[in-house]
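Worksheet for the structure shown next.
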Amino acid sequence: MSNATSPSWLERRFRIAERGSTPRREILAGITTFGAMAYIMAVNPAIMAAAGLARHDMIMTTIAAAVCGTLLMALLANMPIALAPAMSSNAIFAQVVVQQMHVNVRTAFTIILLGGLAFTFLSVTKLRQKIVHAFPEPIVLGIQVAIGIFIARIGMITGGLAVPFAEGFRFGSLHDPAVLLALFGLGTASALTILRVPAGMLISILLVTVLGFFVQSHGKPVTSWPEEVMDWPHYPTHLLFPFDFHDFMNHLGLLVPITLYFLISDFFDATGTMFSVANRAGLRHPDGSPMLGRAAFAADGTASVIGSALGTCTVSAYVESLVGVEAGGRTGLTALVVGLLFLASSVLWPLITIIPSVATAPVLILVGLSMLSGLTQLANASREAVLTPMVMLLIAVLTGNFMFSLAIGLLLYSALLVVTRQFARLTPMILGLDAIFLFYLVLVSQIGMGES
């Protein structure tokens, strides 16, 4: 075996033992993360098709963006964080900006580029680190539980266990075999987790996927074999550098607020996700702050710029990275495995996209619920320290909107400090964040984005 692939090289490159992990655990964590987010190869093209973009073209751009972003995070920052086109921004890009506001697709990609450049600038300076360190403890806990319940909510919905209803949600029909399969997956994943079975979450995903071939729902198998196992990649070169700066300048008054919307929402959405992954993985400095340096933030910001140049929407850190962390991922080797699997998907994507949502949903539910364990910290906390994360949790579970949860949570916390006359804790950074989030809420109300 060459030195380039020997365990000693891996150890020097990723500091695996130093972080309490092993190469085998990191590889399994990477496979598990990939299994939890492979859906993006099917979902992102379907959403972006609303902007008039061909689905097969978008499959290739989705894969390319995920490969570039995740490898950047793995090799530059050594973090177990996977990146791909963001589910929060692709719908806004296609359905609101292009379809409803009639913005030219190339102009819309220009918006993503400029927002990404500003994002990267903030990331390579110390401002983003200062913002992360400025979050008070109740907001830190609120971010953790809000993202946790957000992930569990996604799992409940995609697994068919929670179905939209006139008054909110109802439980899925027990007459539907797919719902029963999802419940079986939840029980299996729970048991394997409690028994500490290595790669338990991955085993659960694979088991439910295989069983799906034999389970019929609405007249067809839950897991469908693809028409072809391989598809030689043909990159849509016409989508490389798809920008129209002239049209952007001609509609500056309309497009600048949209650019700011993408910048603010993606900045804090990605920051919150990375914050939660680092905390959950126990990657902290001696002072207790998360191990998120400029390299991690720069990789995240640069990925958005590269994504726009490749012809897709904002590339961002994925909450599904927490699935890999729960499976033991602690280093960039986890992300490297995810990136290489996405690369392999450029040929094998028809086979990989057969993983049904009922297979990944139980894992998302368990990972999300595990993040609620931080609520035990509230036993002896002050009233404002209790109320803030609980409100953030409530907003996240009912609306599925993390940005609203963070914005209203921080504003509520500041208001409670004023009411209780704890003015010394209202630092300039907190007041600055309050101003940013007030501006964000005004943008949302004026442009009509992010309210769904």
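Being a predicted model, the structure only gives us computed values, none of them experimental.
- Nearest approach of P23 to L10, heavy atoms of both residues: CB-CD1, 4.4 Å.
- The two residues F93 and A108 come nearest to each other via the heavy atoms CE1-CB, 3.4 Å.
- The heavy-atom pair separating A335 from A74 by the smallest distance is CB-CB, 3.7 Å.
- You'll find the side chain of N401 stays beyond 4.5 Å of the side chain of I395, heavy atoms only.
- No more than 12 heavy atoms of other residues, nucleotides or ligands sit less than 6.0 Å from atom CZ of R24.
- Not one N or O on the side chain of Y413 forms a donor-acceptor pair closer than 3.5 Å with the backbone of P389.
- Between F14 and W9, the two ring planes are perpendicular [angle over 60°; tilted spans 30° to 60°].
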Next item on the list: Report the C-alpha separation of F268 and F402 in whole Å, then their side-chain angles, then the decisive distance to 0.1 Å, and conclude whether the ring-ring contact (aromatic ring centres under 6.0 Å, His included) test is met.
Entry: CA-CA 9 Å; F268 286 100; F402 171 71; 9.4 Å; no
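- Considering every non-hydrogen atom in both A327 and A29, the closest pair reads CB-CA, 4.0 Å.
- Summarising the geometry of S276 relative to I147, their closest heavy-atom pair is OG-CD1, 3.4 Å, with the distance given to 0.1 Å.
- In this structure, the side chain of S321 engages the main chain of A82 through a donor-acceptor pair within 3.5 Å.
- Side-chain contact check for D266 and T314: at least one donor-acceptor pair (N or O, by modelled atom type) lies under 3.5 Å.
- Taking the side chain as every heavy atom from C-beta outward, M60 and L310 never approach each other to under 4.5 Å.
- Looking at F150 and S405, their side chains never come closer than 4.5 Å, going by heavy atoms from C-beta outward.
- Looking at R25, its side chain never comes within 3.5 Å of a backbone N or O of G328 through a donor-acceptor pair.
- Of the possible polar contacts, one joining the S373 side chain to the S370 backbone as a donor-acceptor pair under 3.5 Å is found.
- With hydrogens and angles disregarded, no donor-acceptor distance shorter than 3.5 Å links the side chain of T334 to the backbone of P80.
- Between F241 and F243, the ring planes are perpendicular. Angles over 60° get that label, and only those under 30° would be called parallel.
- Across all non-hydrogen atoms, the minimal contact from C313 to N44 is SG-OD1, 4.0 Å.
- Although no hydrogens or angles enter the test, the distance criterion places no donor-acceptor pair under 3.5 Å between the side chain of Q144 and the main chain of L372.
- T125 places a side-chain N or O within donor-acceptor distance of the main-chain N or O of L122, the cut-off being under 3.5 Å.
- At a threshold of 4.5 Å between non-hydrogen side-chain atoms, the residues V145 and M392 do not count as touching.
- Taking CG from L53 and CE from M58, the interatomic distance works out to 5.5 Å, rounded to the nearest 0.5 Å.
- Counting heavy atoms from C-beta outward, E326 and R280 have side chains that approach closer than 4.5 Å.
- Applying the salt bridge (charged side-chain N to carboxylate O under 4.0 Å, His left out) definition to pairs two or more places apart or across chains, those involving residues 424-440 are E384-R425.
- In this structure, the separation between CG on L417 and OG1 on T427 is 9.5 Å, given to the nearest 0.5 Å.
- For NE2 of H56, the number of neighbouring non-hydrogen atoms (other residues, nucleotides, ligands) closer than 6.0 Å is greater than 12.
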Next item on the list: Show the numbers, then the answer: is there a side-chain contact (heavy atoms from CB on, under 4.5 Å) between L260 and Y440?
Entry: CA-CA 8 Å; L260 289 173; Y440 171 81; over 6 Å; no
Margin query: Pair L416, Q422 - check side-chain contact (heavy atoms from CB on, under 4.5 Å), show working.
Written below: CA-CA 8 Å; L416 291 175; Q422 300 181 61; over 6 Å; no
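- In this structure, M41 and I63 have side chains that are in contact, with non-hydrogen atoms separated by less than 4.5 Å.
- Put simply, the side chain of S316 never gets that close to the backbone of A86: no donor and acceptor are under 3.5 Å apart.
- The shortest distance between side-chain heavy atoms of I151 and M371 falls below 4.5 Å.
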Item checked: side-chain contact (heavy atoms from CB on, under 4.5 Å) evaluation trace for H246 with T107 -> CA-CA 9 Å; H246 183 265; T107 307; over 6 Å; no
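- For F119 and F267, the gap between ring centers is short of 6.0 Å.
- The CG atom of L283 sits 8.5 Å away from the CD1 atom of I81 when rounded to the nearest 0.5 Å.
- Using cut-offs of 30° and 60° on the angle between ring planes, the pair Y39 and Y318 is tilted.
- At distances below 3.5 Å, at least one donor-acceptor pair connects side-chain atoms of T32 with backbone N or O atoms of L28.
- In this structure, Y261 OH and I111 CD1 are separated by 12.5 Å, a value rounded to the nearest 0.5 Å.
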Margin query: Could you go through L263 and L114, starting from their C-alpha distance and side-chain angles, then the distance that decides it, and tell me whether this counts as side-chain contact (heavy atoms from CB on, under 4.5 Å)?
Written below: CA-CA 9 Å; L263 171 62; L114 296 176; over 6 Å; no
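- Environment of NE2 in H238: crowded, with over 12 heavy atoms of neighbouring residues, nucleotides or ligands closer than 6.0 Å.
- Of the listed residues (R15, R330, E26), just one forms a side chain to side chain donor-acceptor pair (under 3.5 Å) with S21, and that residue is E26.
- For the atom pair L375 CG and M390 CE, the distance stands at 6.0 Å (nearest 0.5 Å).
- Counting heavy atoms from C-beta on, the side chains of V140 and N279 come closer than 4.5 Å.
- Looking only at distances, no side-chain donor or acceptor of S346 sits under 3.5 Å from a matching main-chain atom of F342.
- Between the CG atom in L336 and the OG1 atom in T70 there is a gap of 10.0 Å [rounded to 0.5 Å].
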